[in-house]
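Comments concern the structure below.
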Amino acid sequence: MADKIVLEIPRYSPERDVKPHFEEFEVPVHKEWVVLDALNYIKDQVDGSLTYRWSCRMGICGSCGMMVDGEPKLSCATFLSSYSRNGNKLRVEPLRYFPIIRDLVTELSDFLVKLKAVKPWLIRQEEPPLSEGEFLQTPEQLEQYKQYSMCINCTLCYAACPVVGLDPVFVGPAAIALAQRYNQDSRDQGAGDRMAVLAHPEGIWGCTFVGECTRVCPKHVDPAGAIQQYKLKAALDWVKSFVTPLGRKNTDVRREAAND
Amino acid sequence: MFAVKQPTTKVLPLYQEFHPRWYRPRVSVYWWLGQWQYLKFILREISSVFVAVFVVITLLQLRALRAGPEAYARFQHWLQSPIALAINGISLFFVLFHTITWFNLAPRAMAVRFRGKRLPEILIAAPNYVVWALVSAGVTWLVLR
Amino acid sequence: MDASSHDVLLVGGGGAGLRAAIAAAEVNPKLSIAVVSKVYPMRSHTVSAEGGAAGVVKGDDSLDEHAYDTISGGDWLCDQDAVEAFVKEAPQELLQLERWGCPWSREPDGHIAVRAFGGMKRRRTWFAADKTGFHMLHTLFQTTLKFDPITRYDEWFVTKLLVDDGRVDGVVAIELMSGKIQAITAKAVILCTGGCGRVFPFTTNANIKNGDGMALAYRAGASLKDMEFVQYHPTGLPFTGILITEAARAEGGYLLNKDGYRYLQDYNLGKPQPNPVMRSMELGPRDRLSQAFVMEDQKGRTLATPYGSVVHLDLRHLGEKIINSKLPFVRELCLKYQNLDPVKELIPVRPVVHYMMGGVSTDMNGATPLAGLYAAGEVACVSINGANRLGSNSLSECLVFGARAGKAAALYAAEQKAADDKAMAQANDERKRLEAQFLHKQGGRERVATIREQMQKAIEKSAGIYREETSLAEGANKLFELQERYQDIVLDDRSRTFNTELEGALELGFMLDVAESIVQCALHRTESRGAHQRTDFPARDDENFLAHSLVFRKPDGSSRVEYLPVKVTRWAPGERVYGEQAPESPQQIPQAVPAGRAG
Amino acid sequence: MAKQSSEAVLWSLFSAGGVVAALLIPVHLFLFAIAFPMGWLRPPGYEHLMLLLRLPWVRIYLFLMCSLSLFHWAHRFRYTLYDGLQVKHLNELIFTLCYGGAVAGTVFAGYLLGNWSGP
């Protein structure tokens, strides 16, 4: 194993640059160092102006996503030593398809708008008083949506999804998976509301099932699967709307309520 | 539904203090060449073209059948031409690629649950292959009988 | 200069901050509420909490037992009225979170499941596998999205509280993306910025936990309480300091020294049993377990690694099924960061700085003596944690006191008039200070990272698990020197856009103040209690120190320590007994209140 | 809502076509376009094929195979053009071309197979 590695990092500051240019930094490689440790080494020892986000360093806060050797990764969970053979150069870039604020920092407000748009909260028609205790939910019912509740909003899936890059209005993998998280929750009655938002050319129908979102997800959420299952449900809802005289949206809510 | 942010104009405005100017990388037209997974995806999608090509060939063959034994023989002869064989050889590769990717992705699109647990993907994918084998055998039998 | 104005302003968007925001919005939907956070709220450190949140919910448990465990766990330094309110409201808050969709782990019949936890006599820790904090934070964040009165200032860094005539009028903050420095005025400000683990070199705490709120309040004239009580969690991974949750021991994990011996039995923590026993051995309180490690290390019975001595946490006998269902994150963390599989291998662990029992001194509604200033969560000291916090009380604390502070601030704000122009003048001065001291500064030689490292080393050496007068005095001197050198700091980065080096420098300034308050409080408390262990004063001294330390900042920047008596309601100070000698039911309890379902 | 349901229809047709194409096309293609022309297998005689095509269910089977496969193509090709060539601004043209093609193929298949009156 080499004891040094060169990091190639695009530098961009709107005050100085029209577009990013690469800079190289030589950093030591320690067995237990992750890419983030190398960035911290540069910031502390070499160039204090290197700009990136990080916080928990244990793969749960979702701040430190970057393109590492062309792949979306959490830099706190990617060992430096796995790259030290690649000619001793490693490219670390901001997450793809996002506007860049500076260096490795991407612009996330659009993502947050999309997250909110899918109504990611428990929707109930009536709210019994707290004194009635918890909504019962068996471990099996919990299992139905647990996987989709694991998303840490790291946006790696957006950086993996070409549709996000090509079509900026596409709602995107994490947000749709989050909608499914609530749709599949036995306590929720808002699937109809969310369907109205997501059964849309810029919602689920925009997805072409590239499947990359699922491959890069560090928490195994499987947004691609969530979206296809959503499409299937939307198609079945459409068929049902012919069978039942009631409107699509209403049948949906009523069925969910009946399940409760 | 979602606000589309207009890309910056061609002439870049100068930086003004306290007004961040984002750099927006453009997605190359050849984005799908840069990464093996993307290329695989595009090949998967392109497979549909070869599906369509074969459907057209099938329809032409049916028309030839309708038109009588001579027309059918002429069509058979065309199928033996190098160009037809080349097209169909490539088609076979893509069609098989379609079948395999389709079967392997099917379990992801369908969450089948049994006693609260989601069935492992292999249990959903495997029957697809079994059905495929049976149907293929059935068609072959019917045609060759 | 731009300015914006709100009724209630939250600094920090973690568990306490978001809970407070929702509480304020529910009290009075007409109020304008703002959450200012230096990170996107879902990045807040609540996300890293693993084990669970305590709240009495099962029939075999009682509020009094929870209170007793908390008070004895805190070595009788808790304010008992606050603890009583806390244990009463905790179940309701946890239930409320369930109503908002938190994916709590369940019993087969669909009811909430609870697990055992260190220092607790009964099973009362609600959990969502071992990602409880993550699920709580995301549930709270997603729930806030449906409240229109809540405005968010994501990635804004607060540098100063606006104080006028003993009243807090808002904050000055930097919008990181643009570099804009502006006033955000408010009738009430609630600090929910979490703790300050990053003052120490080896901590479970995220990079963002720099004691910002503590320093903001301290500089504004509020006092900090019980700052000498720093909790070391007994099981952190060496090098990274990543936390291996106490739930690993609650599910039955063993702590072994280098001979494979369950050494806790030598430290008055009970006799080893194959299955976990409440308040015994591995389920003893965190202070005692961390102290036992130091003793074991001194006896040469730990293992040496490049990142300090370690002992082993053994989960192998639990089997893959239990580990995967109850402790999946532990396995994930071990595999990803330590390259080992706890199903088959021993986990190397060592004590790691985890939590601040102390913080901004508040009353039971989160109010500080400064009008309009509130605090809740780890940044605050109410105090329910006393000299040692019990695992799984902190998440509940965020909810209970977050909600209380939110309500109190909303009621207060509704009665106040808006801030006047003086706030703007102060904000302007703050902008000039930041520019002169950092962005437009000429000269300077010190790097942020150098001073930060030296501060961390100094405080570890002087105020670690065991302290004594000489080392604390040395630490105080070193911190004084570093404060001087801090004035000579120079930044590589002078730009406006997302200047994280400036942010780091400001955080370092906050940490230096907080570090000093820790060392000063530790120096003045000449007794040993809970997490504060003085080798030169090994006994607890209830006569002189059944009292909270209050540290104030004097006009010259130095500190003054005072004491405030502990509030005792029903539990007279006693001996902390763990292991088999532990009383079956707590003494001194006039009547045991059976725990009903919350409500 | 109209747009919403049309997408659901198109996606359903695409999916059905994907299944049909995956199951049926390989064997048809292998037999009729590779194995028979190459002489690997003895091709069925004209009469045998005509016999089969007189069975209504065989014609329905072929009709569905052709039509659904074409809708499968139309949907995928539409998105491939959008994404691969970044020509989403030609949305209407592409839409008409793709689904129009599928409809035309379906009509042609219906004409061929609808009333089989071979010699």
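Throughout, protein chains are lettered first and strands after them, A, B, ... in sequence-line order, and every chain is numbered starting at 1.
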Heavy-atom cut-off 4.5 Å, strictly under: side chain, backbone, both or neither for [X] against chain D?
X         : answer
Thr101(B) : neither
Val27(B)  : both
Phe103(B) : side chain

Name the member of [options] that forms the most heavy-atom pairs with chain B at distances under 4.5 Å.
options                       : answer
His28(D), Met65(D), Met38(D)  : His28(D)
Trp73(D), Tyr61(D), Phe108(D) : Trp73(D)
Ser67(D), Pro44(D), Gly84(D)  : Gly84(D)

Answer with side chain, backbone, both or neither: which region of [X] has an atom nearer than 4.5 Å to a non-hydrogen atom of chain B?
X        : value
Leu29(D) : both
Leu23(D) : both
Thr80(D) : side chain
Tyr79(D) : neither
His75(D) : neither
Leu52(D) : side chain

Audit row: Phe30(D), Leu92(B), side-chain contact (heavy atoms from CB on, under 4.5 Å) steps and yes/no: CA-CA 7 Å; Phe30(D) 176 74; Leu92(B) 183 65; 4.2 Å; yes

Between [X] and [Y], is any pair of side-chain heavy atoms under 4.5 Å apart?
X        : Y         : answer
Asp83(D) : Ile42(B)  : no
Phe36(D) : Gln80(B)  : no
Leu53(D) : Leu62(B)  : yes
Arg63(B) : Leu112(D) : yes
Leu49(D) : Tyr72(B)  : yes

Proximity of Trp102(B) and Phe14(D) rings by center, below 6.0 Å: yes

Minimum-distance pair of heavy atoms, taken over all atoms of Thr58(B) and Cys66(D):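 What the structure gives for the nearest pair is CG2-SG, 4.3 Å.
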
Atom of Glu45(B), atom of Arg76(D) and distance for their closest heavy-atom approach: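 In terms of heavy atoms, the two residues are closest at OE2-NE, 3.2 Å.
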
Let me confirm one number: the [atom1]-[atom2] distance from [X] to [Y], rounded to the nearest 0.5 Å.
X         : Y        : atom1 : atom2 : value
Tyr111(D) : Arg66(B) : OH    : CZ    : 5.0 Å
Leu24(D)  : Phe54(B) : CG    : CZ    : 10.0 Å
Asn88(B)  : Phe32(D) : CG    : CZ    : 12.5 Å
Glu70(B)  : Tyr46(D) : CD    : OH    : 8.0 Å

Residue, of Ile100(B), Val56(B), Thr99(B), that accumulates the most heavy atom pairs under 4.5 Å with chain D: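 Top count of heavy-atom pairs under 4.5 Å with chain D: Thr99(B).
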
Residue, of Val51(B), Ile87(B), Leu96(B), Leu59(B), that accumulates the most heavy atom pairs under 4.5 Å with chain D: Leu59(B)

His77(B), NE2: over 12 other non-hydrogen atoms inside 6.0 angstrom: no

Within 6.0 angstrom of Glu17(B) CD, more than 12 heavy atoms from elsewhere: yes

Exam field: side chain His98(B) to backbone Ala21(D), donor-acceptor pair closer than 3.5 Å: no

Inter-chain contacts: residues 132-145 of chain B against chain D, heavy atoms under 4.5 Å: Trp132(B), Val135(B), Ser136(B), Val139(B), Thr140(B), Leu142(B), Val143(B), Leu144(B), Arg145(B)

Any residue meeting side-chain hydrogen bond (donor to acceptor under 3.5 Å, both in side chains) with Tyr23(B), in chain and number order, not counting sequence neighbours: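 With sequence neighbours excluded, Tyr23(B) shows a side-chain hydrogen bond (donor to acceptor under 3.5 Å, both in side chains) to no residue whatsoever.
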
